[in-house]
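One structure is given below, represented as structure tokens, and several questions about it will come after.
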Amino acid sequence: MNTVLRVEQISGGYSPKRAIIHELNIEIKEGEMIGLIGVNGAGKSTTIKHILGLMTPHQGEITINGTTLKDDVELYRSSYTYVPETPILFDELTVEEHLRLTAMAYGVPEEQYVQQTEQLLERFHMTKKRKALSAHLSKGMKQKVMIMSALLAKPSLFIIDEPFLGLDPLGIRSLLEDLVEVKRGGSAILMSSHILSTVEHYCDRFIMLDQGRMVAHGTLQDMLQQASQHSKQDVTTLEDAFYAMLNGGEA
């Protein structure tokens with residue numbers, strides 16, 4: 001499988017004199033979903049901002065499909081889609097207009113746009129809201145629009161930050177089912193989430209951050225083994241591994 005995202009020895013932060021993340025290495029291949037986990041302040045958001053190109057690393061290199069941001073800004077940015085924790089929409093655009101805008105930005109063919117839009121609106125129970133202005137939507141509905149836009153774009157890399165916040169159970173199930181299809185289609189997924197009991201069953205590998213450093217990584221079995229060795233107790237779930245590695249989850 002080809003490598004979609006490669007993060008090599010990245011250190012960086014908001015100040016050039018103080019790094020928040022330290023020498024991180026991340027590699028995600030086609031058809032892989034990686035769970036990025038850690039307590040608040042562990043460096044997850046800073047890591048994502050570096051990948052998005054919103055922050056310049058102090059050292060190291062980030063490539064998507066072998067291209068860096070400096071190599072080709074347009075190609076780099078068109079290779080990923082980002083769903084933030086807090087949905088960001090245009091108040092005066094409708095749900096359908098947001099999807100149309102996404103299709104234009106990512107060059108989605110018209111026939112594909114029409115077919116996928118209908119499918120997404122139905123799956124996420126948003127058909128009746130297609131003409132609604134985003135200013136009139138609940139937070140959960142706004143999050144659905146962000147997720148539908150990402151799924152419509154179908155880039156090489158999906159970067160998703162706390163996607164389950166604000167979603168109802170039907171929305172969560174629809175998202176997870178779609179992410180499984182995204183993986184089957186060959187796209188890579190980097191997902192940050194605190195809902196460990198859910199991501200445990202869907203992610204192929206995990207990266208655990210603490211104070212900007214990678215403290216554990218690998219498959220679920222790898223994580224359980226590392227946590228068991230660390231705590232000298234038998235660890236059977238990702239949530240137990242999280243607490244064992246991070247001293248009860250306290251930063």
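Residue numbers run from 1 in the order of the sequence given.
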Same apolar cluster: L157 and L75, side chain cutoff 4.5 Å: no
Worked verdict on Y14 versus K49 for side chain to side chain donor-acceptor pair (under 3.5 Å): CA-CA 10 Å; Y14 296 91; K49 287 178 181 177; 2.9 Å; yes
Close side-chain approach of E27 to V7, heavy-atom, < 4.5 Å: no
Candidate pair F124 and I147, rule side chain to side chain contact (heavy atoms under 4.5 Å, CB included), full reasoning: CA-CA 9 Å; F124 283 88; I147 292 168; 3.8 Å; yes
Over all atoms of both residues, closest heavy-atom pair of G31 and D204: O-OD2, 3.9 Å
4.5 Å side-chain heavy-atom contact, E118 and Y113: no
I64 versus S79, closest heavy-atom pair with distance: CG2-CB, 3.6 Å
Fellow cluster residues of L165, listed by chain then number, with links counted only when side-chain atoms sit under 4.5 Å apart: none
Nearest heavy atoms of L152 and L99, plus distance in Å: CD2-O, 3.2 Å
Side chain to side chain contact (heavy atoms under 4.5 Å, CB included) assessment of L190 paired with F158: CA-CA 6 Å; L190 177 65; F158 286 73; over 6 Å; no
Side chain proximity check, Y80 to S156, heavy atoms < 4.5 angstrom: no
Nearest-0.5 Å distance, NE2 of residue H98 to CG of residue L89: 4.0 Å
Enumerate donor-acceptor pairs with a distance under 3.5 Å from any side-chain N or O in residues 131-143 to protein atoms, sequence neighbours excluded.
residue: K131; atom: NZ; partner: E96; partner atom: OE1; Å: 2.7
residue: S134; atom: OG; partner: F90; partner atom: O; Å: 2.5
residue: S138; atom: OG; partner: M141; partner atom: N; Å: 3.2

Stepwise side chain to side chain contact (heavy atoms under 4.5 Å, CB included) check, T236 with L224: CA-CA 6 Å; T236 58; L224 300 181; 5.5 Å; no
Side-chain heavy atoms of M245 within contact of D210, under 4.5 Å: no
Distance in Å, L36 CG paired with M214 CE, rounded so as to fall on 0.5 Å steps: 8.5 Å
Side chains of I26 and T47 in contact at under 4.5 Å (non-hydrogen atoms): yes
Sidechain N-carboxylate O distance under 4.0 Å for K44, D161: no
Spacing of CD1 belonging to I189 relative to OH belonging to Y202, to within rounding of 0.5 Å: 12.0 Å
Nearest heavy atoms of H217 and D222, plus distance in Å: O-CB, 4.0 Å
NE2-CZ distance between H58 and R18, expressed to the nearest 0.5 angstrom: 10.5 Å
Test item: H50 and I62 side chains (from C-beta on) under 4.5 Å apart, heavy atoms: yes
Residue Q59 excluded, over 12 heavy atoms near CD under 6.0 Å: yes
Common cluster, I88/I159, ILVMFWY with side-chain heavy-atom separation under 4.5 Å: no
Verdict with supporting geometry, E61 and T68, side chain to side chain contact (heavy atoms under 4.5 Å, CB included): CA-CA 8 Å; E61 184 177 72; T68 68; 3.7 Å; yes
I21 to G43 - nearest heavy-atom pair and separation: CG2-O, 3.7 Å
With E32 via salt bridge (charged side-chain N to carboxylate O under 4.0 Å, His left out) - residues at least two apart: R205
Transitive ILVMFWY side-chain link I10 to V215, under 4.5 Å: no
Main-chain N/O of E162 paired with S193 side-chain donor or acceptor, under 3.5 Å: no
Test item: L101 and L93 side chains (from C-beta on) under 4.5 Å apart, heavy atoms: yes
Donor + acceptor pair across side chains of T67, D72 (<3.5 Å): no
Electrostatic pair E97-R100, nearest N-O below 4.0 angstrom: no
Nearest-0.5 Å distance, CE of residue M146 to OG1 of residue T102: 8.5 Å
Flag side-chain contact, heavy atom, 4.5 Å: F242 against V39: yes
Euclidean distance, L196 CG relative to D240 CG, rounded to 0.5 Å: 10.0 Å
Shortest non-hydrogen contact from L24 toward G212: CD2-O, 3.6 Å
Single-linkage hydrophobic cluster, 4.5 Å side-chain cutoff, V95 and Y106 together: yes
Side-chain donor or acceptor of E200 paired with backbone N/O of L238 under 3.5 Å: yes
Residues, nucleotides or ligands: over 12 heavy atoms within 6.0 Å of R130 CZ: yes
Pair H125-D168, side-chain donor/acceptor within less than 3.5 Å: no
Under-4.0 Å salt bridge between E181 and K183: no
Shared hydrophobic cluster for V114 and M126 (ILVMFWY, side-chain gaps under 4.5 Å): yes
